[in-house]
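Written out below as structure tokens is the structure these notes cover.
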There are 2 protein chains.
Amino acid sequence: MRVTIKDVAQAANVSVSTVSRVLSNKENFFASKTADHVRKVAADLGYQRNAYAADLASHQSDVLAVVISATKSNFADEIIAGIHDVATKHGNSVMILYAGENNPTLQDKAIKTVIERDVMGVLIVALELGDESLNSLKTSGIPHIFLSTAAKENLGPFIASDDHAIGYEATKYLIEHGHRKIGLVGMDEQSFVGAQRMNGYREAMAKHSLSIDEDWLVPGYFTFEDGEAAMQHFGKQPAVTAIIANSDLTAIGVIDQARDYGLEVPAQLSVMSIDGTKLTRIFRPTITSVTQDFFQIGRAGCAALLTGDNEPIQSKFLPIKVVERNSTRQL
Amino acid sequence: MRVTIKDVAQAANVSVSTVSRVLSNKENFFASKTADHVRKVAADLGYQRNAYAADLASHQSDVLAVVISATKSNFADEIIAGIHDVATKHGNSVMILYAGENNPTLQDKAIKTVIERDVMGVLIVALELGDESLNSLKTSGIPHIFLSTAAKENLGPFIASDDHAIGYEATKYLIEHGHRKIGLVGMDEQSFVGAQRMNGYREAMAKHSLSIDEDWLVPGYFTFEDGEAAMQHFGKQPAVTAIIANSDLTAIGVIDQARDYGLEVPAQLSVMSIDGTKLTRIFRPTITSVTQDFFQIGRAGCAALLTGDNEPIQSKFLPIKVVERNSTRQL
DNA sequence: TTGTAGGCGTTATCAT
DNA sequence: ATGATAACGCCTACAA
């Protein structure tokens with residue numbers, strides 16, 4: 001049996017309340033002398049507090065939960081780093097739960113776990129929650145925020161990049177560099193993110209009076225393989241002069257496949273990615289990207305949850321920027 | 001206030017015990033008719049169980065904790081995937097805690113959290129725990145296992161690859177392909193992993209009667225930057241014909257820097273990596289590697305913790321293999 | 001400044 | 001098959 005607050009109290013010849021107060025540092029509610037004594041006894045006995053019991057009694061936990069898709073898009077790390085950055089400063093614990101991807105069962109399980117443990121807040125990262133999960137989360141009353149998934153009105157507060165702007169800026173950049181036939185790879189009209197990016201693309205093209213051949217749009221997801229497959233779709237003599245890929249990994253898939261076709265990037269084909277994670281810098285050619293500030297998204301999301309005030313959390317977009325590297329060229 | 005088991009009992013006109021039994025599926029201890037009724041009432045009321053209270057009362061949690069270094073080596077994902085694979089099959093929840101890297105404060109905090117929550121088991125991934133953390137973990141009596149960090153005898157049970165063998169096999173592969181002057185990049189004699197790999201290297205060299213110039217050994221860590229820096233150390237006319245890098249990322253750093261020097265890989269320099277994650281397949285040239293089976297390490301580690309028997313966990317090495325790709329060549 | 005006692009939501013033990 | 005009731009370990013009025 002583990003040593004409890006009671007054991008400590010006994011050994012220190014004080015009451016449990018005193019021990020409790022000392023150990024949870026309720027300043028000004030005990031004499032520093034007794035405090036020292038109690039702390040020593042506790043240490044000697046190897047006392048470890050039971051967080052469950054404490055949370056149960058006090059109705060407040062100090063853990064933030066991050067629910068994240070298992071997707072192999074690599075930006076999650078940066079978001080998590082941002083979350084930790086502010087969480088540790090506030091003395092909060094962070095626990096991460098994987099929810100698979102587009103796997104309602106796993107999502108439900110993760111959300112359920114989170115609710116059952118009555119965490120103080122939930123950060124949902126890069127995940128479009130199913131209705132059921134979303135509902136239980138809402139009715140639970142636990143503060144939560146979506147990160148990197150701006151979404152339909154009623155979803156809840158989010159911090160993300162503006163996916164419409166992402167699609168628009170990428171397209172605009174390429175147009176300004178002389179491209180007229182621009183492919184879009186990996187976007188998925190079904191997902192909110194994908195649809196928004198496509199809209200941005202369409203808007204930029206229209207604004208410059210460029211028409212779109214629907215054959216330039218190759219749907220998919222965020223993976224390397226989606227990039228490869230899309231490039232295979234375009235073939236050895238692509239109808240486009242530039243391609244926007246839905247993630248860094250997807251861009252790499254495109255480039256690798258292009259190279260296998262004997263096409264040089266960017267000499268014969270410009271490729272641009274969305275995300276701008278470290279991959280874009282270590283891969284050769286380095287990859288021009290629409291860069292999102294994932295670290296700040298993590299920080300901001302965590303901060304939003306941690307500001308004590310009970311005001312509803314404000315959704316917001318964080319700035320994006322186009323970073324020019326070596327995978328695109330002026331036509 | 002959340003709806004509790006008590007509310008359900010009242011609404012359903014039964015006792016709390018009955019509700020508890022039904023809701024936790026203690027088969028054969030209730031009539032299926034009442035069960036249906038209770039379940040319906042619970043659902044109607046939007047009841048959510050409080051895991052803390054349950055764990056507190058029953059003295060058993062169903063959560064496994066993964067304590068992981070924040071290191072940007074990318075194999076962690078695969079280990080975590082493996083862990084989840086078996087955890088979900090057993091119906092266990094998994095929570096992940098980051099512990100920074102070589103950051104005793106964060107480590108302590110993570111371990112403390114884990115102990116306070118009295119999880120059913122702890123998986124420590126790619127982390128060499130400080131003495132203090134290690135001790136509290138040990139005295140807590142919580143089952144734990146080290147993954148991907150085989151270590152000094154008394155550390156505790158582990159599942160990992162044999163780092164000595166890794167160093168040995170990589171070196172042997174290169175020697176058999178005609179290399180005599182082989183560089184070692186990113187190993188750190190202070191860390192157990194690094195030391196083991198270096199020993200393997202030394203043994204393979206000795207076995208083939210090859211002498212080592214200590215200048216070929218460039219210490220470091222697992223990062224991309226370590227690879228770049230090491231290659232800068234070797235310069236434009238490297239004294240070695242092949243380099244073994246401590247991680248895939250480090251290998252990429254080496255290759256990128258070599259390319260910046262105008263050196264072609266593998267024509268003028270062979271580069272081999274340790275890990276064999278997906279990076280080795282998407283990068284060009286694809287990278288020859290000593291491949292570890294991280295997914296299986298995760299699976300095996302989780303399984304070891306979950307087998308109910310109280311026998312001490314057996315440490316073991318999982319097989320590694322050399323996978324030939326395009327970053328090395330026969331001399 | 002310290003102690004007493006009740007309660008947090010659940011499970012477990014013992015009756016019935 | 002079901003119901004009381006006592007834990008579980010801690011926190012927090014309230015009293016002293």
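What you see below is based on every heavy atom in this structure, not just the backbone, and it leaves out hydrogens, waters and symmetry mates. Note on naming: letters A, B, ... go to the chains in the order of the sequence lines (proteins, then strands), and numbering restarts at 1 for each one. This one's a predicted model, so the numbers in the text were calculated from it and none came from an experiment.
- Between the CD1 atom of I115(B) and the P atom of dG9(D) there is a distance of 16 Å, given to the nearest Å.
- Put simply, NE2 on H59(B) is 14 Å from C1' on dG9(C), counting in whole angstrom units.
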5' to 3', nucleotides 10-16 of chain C under a 4.0 Å protein heavy-atom cut-off (B base, S sugar-phosphate only, - none) gives BBBB---
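- Computed from coordinates, the D118(A) CG to dG9(C) C1' distance equals 11 Å when rounded to whole Å.
- Look at CG on D7(A): it is 10 Å from C1' on dG9(D), rounded to the nearest Å.
- Using a 4.0 Å cut-off between charged side-chain N and carboxylate O, R117(B) and D62(A) make a salt bridge.
- At a threshold of 4.0 Å, the pair R2(B)-D118(A) counts as salt-bridged, since one of the basic side-chain nitrogens sits closer than that to a carboxylate oxygen.
- When the side-chain nitrogen and oxygen atoms of S15(A) are compared with OP1 and OP2 of dT4(C), none of them lie within a distance under 4.0 Å.
- Look at CG on L56(A): it is 14 Å from C1' on dG6(C), rounded to the nearest Å.
- The closest side-chain heavy-atom distance from F294(B) to V125(B) is not below 4.5 Å.
- When the shell of 6.0 Å around CG of D131(B) is examined, it contains 12 or fewer heavy atoms from other residues, nucleotides or ligands.
- A distance-only check finds no donor-acceptor pair linking the side chain of E116(A) to the backbone of Q48(B) [under 3.5 Å].
- Below 30°, between 30° and 60°, or above 60°: for F158(A) and F317(A) the angle between ring planes is between 30° and 60°, a tilted geometry.
- The distance between atom CZ of F29(A) and atom C1' of dA13(D), rounded to the nearest whole Å, is 11 Å.
- Salt bridge status for K40(B) with D36(B): absent, with no side-chain N to carboxylate O gap under 4.0 Å.
- With I5(A) as the partner, the side-chain contact (heavy atoms from CB on, under 4.5 Å) test is satisfied by one option alone out of S17(A), S15(A), S24(A), S20(A): S20(A).
- Contacts between residues 31-43 of chain A and DNA chain C, defined by a heavy-atom separation below 4.0 Å, involve A31(A), T34(A), listed by number.
- Atom CG of D55(A) is separated from atom CG of L56(B) by 10.5 Å, given to the nearest 0.5 angstrom.
- Using a 4.0 Å heavy-atom cutoff across all strands shown, F30(B) reaches sugar-phosphate atoms only and no base atom.
- No engagement by Y52(A) is indicated, since no non-hydrogen atom pair under 4.0 Å with the nucleic acid exists.
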